[in-house]
Participant: 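Please read through the structure below; I'll follow up with questions.
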Amino acid sequence: MGFHVGNPKTAVDLVQAHQVHRDVYISPEVYALEMKHVFANAWVFVGHESQTPNKGDYLATQIGNQPVIQVRHKADDIHVLLNRCPHKGTKIVIDRQGNTGKFFRCPYHAWSFKTDGCLLAIPLKKGYEGTGLEKTPNGKGMKAVGAVKNYRGFIFARLAEEGISFEEFFGDSLSSLDNMVDRSPEGRLEVVGPPLRYMHHCNWKMLVENQTDTCHPMVAHESSAGTAVKLYEEMDLPEGAPKPAAMQIIAPFMSPYEFFEGMGIRTWPNGHGHTGVHHSIHSDYSAIPGYFDAMVETYGEEKAKAILDENRHNTVYFPNIMIKGPIQQLRTFIPLAADKTIVESYIYRLVGAPDELTARTAMYNRMINAPTSIVGHDDLEMYERAQEGLHVNGLEWVNISRLLEDDENHDEEAVMNGTTERQMRNQFDAWCKFMTYDLDQQGPKE
Amino acid sequence: MSVSKDHIIDFIYEEARMLDEGRYDEWLALWLPDGHYWMPLDYKQSDPINETSLLYEDMFMLKLRVERLNGARTFSQKPKSRCHHVIQRPFVDEMNDTTFVTNTSMHYVETRLDEQQLLALTARHDLTLVDGTLRIAIKRVDILNCDAAFRNIQLLP
Ligand code: FES
Ligand SMILES: [Fe+2]
């Protein structure tokens, strides 16, 4: 069967409770609809406030396929502007980050804008007298996104002018971000260095789904995690000898199915969810001297313990980021085309905590998330094989029914067996919701 | 035994050839037990520990990497990648009694299936003379476009 996806209302027919049509991954038409609707109606991660610490600091990135600039306008005021000159469209900044001083100045004809986007000056402005420029959106300045929220240092934006509120969109899922930030004795994170940037020739959703795919590590990563365990056993180290770092980071991928079943998956409304409800591959990381004491100092023993006992593994925030609270990591899956996605993997420092924690986080990032990672290699291989395999005609649906229940209701929080594919279904539920959100709430626009 | 400049330069050439020919057991034997292979992520990065790097690998990780290449279930190596170094004559920047530093520009090509990538690299080798034999203490490989988004880099430049 074939679909003609002309509009969002038919796109949602590609999603059923137990399966999705392959066009959600391979069709450029569906991709264009996602960019226009899902990424406009949802709250999407932009950057961290520590990437733009001073007035005039900016960061250039994308929300879906929309180029945007995160810029610090005032000491406590960060704006997100579309990276397009209102005159003829020139991108205002090209470098990934920098400082623009008191204003942006377009390099083409020198229109200039305050750091909140408002038009500041146009050379030879009298040439526009009587043309009505000031009444057009172009005459106002750089366009801002619909809404911005700085949540504990993390900047999110919604492109659409109207839509779901930040609080409603994320709801209780913010507990994962809270836990990541609370792990700093000062309640504050700071970005460390540039992100790893890894190019994948596959659809962005494959990467997001894989974040809660607990049935793949022991299979796809046997060559790295299994070999690590084998090499370690061959070393035959005496009892109590320190384990090689790779054993702490990579070997847990080889944990048996029962481990992943037992770790649990929680889903929240609007497509968010996490693995590691009860324990996770991050549970057994060795304690770092001085850290717990610093935490107790801030929070008291009971609260400090509660914060550190939380071992959530991967938390997916719909549509396109994943965080690892216990190791202060954020990965963003930036869609470039139906079959092209760039993954950026950031790490953060827990302000007030010992450096060893940052060292462990940096180690995890390079061992697992780098284009040079032996773990990443096999993941990319699987995604790209799927991207190619999905072109097979006559078998056009992708099954997502593992541990599907009859009465699954994604508007309610749920905790399930850790090998369920419920979170993938949850993401598609949100995908349908935000694909049509503007239509459902305000009636068709076109 | 004293070591000549030519001896050091030959060592660098030979190392590149071992990698191109996949002679990994010989290649691993070039390293000191506490050696590290470092590939920074950031241009002119100075800290391998507290910032993300592309690689900062001890001997356990390097052995694991090499062992994995030949595994029966190493899916991303079915089929296998191949690599090719074209290196410029190394500069020998430091010559002490038993420690030496070289700086080598190279073009590194890695290929698999229909894809081939070219990286322009600068490698710094910190070498140590142990019982008359040169060993690698640190190999630092800086990629000219380290800030670009890469696809898989599966073998070792
Ligand atoms: S395009 Fe920006 S000033 Fe003309
Ligand atoms: Fe994986």
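Chain letters run A, B, ... following the sequence lines, proteins first and then strands; every chain starts at 1.
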Participant: For B:R135, does the CZ atom have more than 12 heavy-atom neighbours from other residues, nucleotides or ligands under 6.0 Å away?
Facilitator: yes
Participant: Is there side-chain contact between A:Y348 and A:T361, with heavy atoms separated by less than 4.5 Å?
Facilitator: no
Participant: Which one wins on heavy-atom pair count under 4.5 Å against chain B: A:A359, A:S373, A:A370?
Facilitator: A:A359
Participant: Under a 4.5 Å cut-off applied to non-hydrogen side-chain atoms, are A:Q329 and A:S345 in contact?
Facilitator: no
Participant: Please say whether more than 12 non-hydrogen atoms of neighbouring residues, nucleotides or ligands are located less than 6.0 Å from CG in B:N145.
Facilitator: yes
Participant: Are there residues of residues 195-211 of chain A whose heavy atoms fall under 4.5 Å of chain B's heavy atoms? If so, which?
Facilitator: A:P195, A:L196, A:R197, A:Y198, A:M199, A:H200, A:H201
Participant: In terms of heavy-atom pairs under 4.5 Å, which option from A:A245, A:P244, A:G376 contacts chain B the most?
Facilitator: A:P244
Participant: Is the closest side-chain heavy-atom distance between B:I143 and B:F150 below 4.5 Å?
Facilitator: yes
Participant: Show every side chain to side chain donor-acceptor pair (under 3.5 Å) that has at least one partner inside residues 54-67 of chain B, sequence neighbours left out.
Facilitator: A:K230-B:E67, B:E57-B:R65
Participant: Counting heavy-atom pairs closer than 4.5 Å to chain B, which one of A:V343, A:V219, A:D378, A:D379 comes out on top?
Facilitator: A:D378
Participant: So what's closer than 4.5 Å to chain B heavy atoms on A:I347: side chain, backbone, both or neither?
Facilitator: side chain
Participant: Side chain from CB out, backbone as N, CA, C, O: work out which of these in A:L357 comes under 4.5 Å of a heavy atom of chain B, or both, or neither.
Facilitator: neither
Participant: Verify, without hydrogens or angle tests, whether B:N103 (side chain) and B:F91 (backbone) share a donor-acceptor contact under 3.5 angstrom.
Facilitator: no
Participant: Under 6.0 Å between the ring centres of B:H84 and B:H107?
Facilitator: no
Participant: Between A:I374 and chain B, which part of the residue has a heavy atom less than 4.5 Å away: side chain, backbone, both or neither?
Facilitator: both
Participant: Using a cut-off of under 4.5 Å on heavy-atom pairs, state which of B:M59, B:Q45, B:M61, B:Q154 scores highest against chain A.
Facilitator: B:Q154
Participant: Quick one: what part of B:D147 sits under 4.5 Å from any heavy atom of chain A, side chain, backbone, both or neither?
Facilitator: both
Participant: Assign the ring pair A:H48 / A:F154 to parallel, tilted or perpendicular, where the plane angle (0 to 90°) is split at 30° and 60°.
Facilitator: perpendicular
Participant: Do A:D95 and A:Y58 get their side chains close enough for a donor-acceptor pair, meaning under 3.5 Å?
Facilitator: yes
